[in-house]
Structures are given as structure tokens and as C-alpha cells.
Amino acid sequence: MAFTLGERRVRVTEILDRWPGGDHHYFKVRGDDGARYILRRDFEILVWELEVYEASTDAYDE
């Protein structure tokens, strides 16, 4: 699994959490850049959106 931010492709290394929200589904994931992302999937228009970006404070942050 991966997603694209602008020109950059981010590979998902771990799904940290997921939960439903009405006509959306949310995923909290860790990218191969060490950052955490919350992605929202809209079921009606079939679009993914970036809700939250948390940069890694350390390249080896676990």
C-alpha cells in the first residue's frame, strides 16, 4: 500500500488504527518516511484525503 503526496510516493509500513465515521473511513498509518498520517476515505465520491500529518522527530522513531 502506498499513497502520493504531490510528487512524492509514501509507502505505508504500518496501519496504526482505523475507524468508521459516517460515510467515511479513517486510517492512521505510518509511512516509510517515519511520519504518521491520518487518511480519510470518502465512500460516496471514492476519494482519499489527508487529514493529519505528524512528522517523525527522529529518523529511527518507533
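Throughout, numbering of the chain's residues begins at 1 and tracks the sequence. Worth saying up front: this structure is predicted, and the values here are computed from it rather than measured.
- Through direct or indirect side-chain contacts shorter than 4.5 Å among Ile, Leu, Val, Met, Phe, Trp and Tyr, Phe3 is connected to Met1, Leu5, Val10, Val12, Ile15, Phe27, Val29, Tyr37, Leu39, Trp48, Leu50, Tyr53.
- Taking the side chain to side chain donor-acceptor pair (under 3.5 Å) definition, one finds that Asp32 meets it with nothing, sequence neighbours left out.
- Separating the CZ atom in Arg11 from the CG atom in Asp33 is a distance of 10.5 Å, to the nearest 0.5 Å.
- For the side chain to side chain contact (heavy atoms under 4.5 Å, CB included) test, residues two or more places apart in sequence or in another chain that qualify with Asp17 are Trp19, Lys28.
- Ile45 belongs to a hydrophobic cluster whose remaining members, ordered by chain and number, are Val47; membership requires side-chain heavy atoms of ILVMFWY residues under 4.5 Å apart, directly or through intermediates.
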Item to complete: Assess whether side chain to side chain contact (heavy atoms under 4.5 Å, CB included) is satisfied between Tyr26 and Arg18, documenting all intermediate values.
Response: CA-CA 5 Å; Tyr26 294 88; Arg18 59 183 160 199; over 6 Å; no
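- Annotation for Ser56 and Gly34: closest pair CB-O, 3.3 Å, computed over non-hydrogen atoms.
- Under the 3.5 Å distance criterion, the side-chain polar atoms of Thr4 are left unmatched by any main-chain donor or acceptor of Arg9.
- Checking side-chain atoms of Arg41 against main-chain N and O of Leu46 turns up a donor-acceptor pair under 3.5 Å.
- Sorted by first and then second residue, the salt bridge (charged side-chain N to carboxylate O under 4.0 Å, His left out) pairs with a member in residues 44-55 read Arg36-Glu54, Arg40-Glu49, Arg40-Glu51; sequence neighbours excluded.
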